[in-house]
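Any value given below was found using the heavy atoms of this structure, including those in side chains, with hydrogens, waters and symmetry copies removed. One-based numbering, in listed order, for ligands and for the atoms of each. Being a predicted model, the structure only gives us computed values, none of them experimental.
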Amino acid sequence: MQNAALEAKEVNGIYVALKVSPPTLRSAVEGLRALGVAGFNVTIPHKVSITRYLGGLDSSAALLGAVNTVVNKESRLIGHNTDGLGAVRALKEAGINLGGLCTMILGAGGAARAIAFSLAPEVESIILLNRTGSKASKLAKDLQKALGASVKGSRLTAESLSENISSADLLINATSVGMHPKTEESLVDRNLLRSDMAVFDIVYNPLQTRLICDAEAAGAKTVGGLAMLVYQGALAFELWTKKKAPVEVMFKAVKTQMGME
Ligand code: NAP
């Protein structure tokens, strides 16, 4: 269940992507439990619906109400969510010290939610801007209630972006804007980007999004979406095997798989 768009396929003898349709999710989960697999990943459209077929959720999955990693603990399937922690690890591995940062997150979908919940305890404050303003306000309220986080949410407009970006030390694009095939799109005017800020774009196809190119041109520190993709997978690997993930091998494998190497 790695990617619903992939047909069953084996890579390096250890990774199998299986297509599962929503009506067969329950039996697929039961089948994997019966087979005694150590664990598996889950992606869209099953991240929320799978929670009702599992034996429990860890704290991150319970907070988010969504699962991307399942661990088989003595035949009890426990749901985890490594998306947000993968993003935090990507930022830290890039040398970004999160303590005290004012963070602006664009988006309020599944990825933005996971990132915001993992980042909130680490940073000073969060400003959430989303095209659908009500989703940004709801996410901000959920973060305040669950974590007591200093966060405000509002509708993403040219005005709200330019008003708030001047106080942001870290800008995160957690929307799908800039993703293939609309690779020329960016939500942020290049003139708003500064050399004293860090810019993280979670879009990984293409590796160099328009936002990342503009941020580099402005002299900002940049982090691309591939790092989050690899680190959320590395955290899942570590949960299943209790061994340190071979991150370099994983970066290479993802790039090869995506035809980028
Ligand atoms: P999602 O739940 O569908 O959310 C999509 C988000 O993008 C929403 O906030 C949506 O705003 C916003 N959006 C879409 N089109 C927009 C536009 N034209 N202008 C402004 N905002 C727009 O999707 P998701 O799961 O959060 O994923 C978002 C992106 O992150 C995707 O590109 C995905 O590939 C990428 N991603 C990367 C990783 C990684 O490991 N690097 C992990 C997960 C996801 P509305 O709420 O107003 O619709």
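Shown here, atom 23 (O) of ligand 1 is out of close reach of the protein: none of its heavy atoms lies under 4.0 Å off. When distances from atom 40 (O) of ligand 1 to the protein are checked, a heavy atom turns up under 4.0 Å.
Between E238 and K243 the shortest side-chain heavy-atom distance does not fall below 4.5 Å.
Counting heavy atoms only, M228 comes closest to atom 38 (C) of ligand 1 of the residues M179, M228, K47, R131. Comparing G109, A227, A111 by heavy-atom distance to atom 1 (P) of ligand 1, the nearest is G109. The heavy atom nearest to atom 2 (O) of ligand 1, considering only G110, A174, A136, S134, is found in G110.
A salt bridge is defined here as a Lys NZ or Arg NE, NH1 or NH2 lying under 4.0 Å from an Asp or Glu carboxylate O, and D201 with R210 fails to meet this definition. Ionic pairing of R113 and D142 is present here: one or more N-O contacts between side-chain nitrogen and carboxylate oxygen are shorter than 4.0 angstrom.
A donor-acceptor pair shorter than 3.5 Å can be found between the side chains of S160 and T157. There is no side-chain donor-acceptor pair under 3.5 Å between S27 and T24.
Rounding to the nearest 0.5 Å places OG1 of T82 at 3.5 Å from CG of N68. Once rounded to the nearest 0.5 Å, the distance linking NZ of K135 with NZ of K138 reads 11.0 Å. For the atom pair OG1 of T175 and CG of L156, the computed distance is 8.0 Å after rounding to the nearest 0.5 Å. Rounded to the nearest 0.5 Å, atoms CG (L211) and CG (D189) are 11.5 Å apart.
Of all protein heavy atoms, the one closest to atom 8 (C) of ligand 1 is N130 OD1, 3.8 Å. In terms of protein heavy atoms, atom 14 (C) of ligand 1 is closest to S176 OG, 3.4 Å. Nearest non-hydrogen protein atom to atom 19 (N) of ligand 1 is V177 CG2, 3.6 Å. From the protein, the heavy atom lying nearest to atom 46 (O) of ligand 1 is K135 NZ, 2.6 Å. Of the protein's non-hydrogen atoms, the one nearest atom 35 (C) of ligand 1 is I202 CD1, 3.8 Å.
Some N or O of L229 is nearer than 3.5 Å to an N or O of ligand 1, by distance alone. In terms of polar-atom proximity, T132 is counted as a contact of ligand 1, with an N or O under 3.5 Å from an N or O of the ligand. Taking any N or O of A108, backbone or side chain, at least one lies under 3.5 Å from an N or O belonging to ligand 1.
For ligand 1, the atoms sitting less than 4.0 Å from at least one non-hydrogen atom of G107 are 9 (O), numbered in the order shown with element in parentheses.
Applying the 6.0 Å contact sphere to CZ of R194 captures more than 12 heavy atoms from other residues, nucleotides or ligands.
Within the 4.0 Å heavy-atom criterion, both parts of T175, backbone and side chain, lie near ligand 1.
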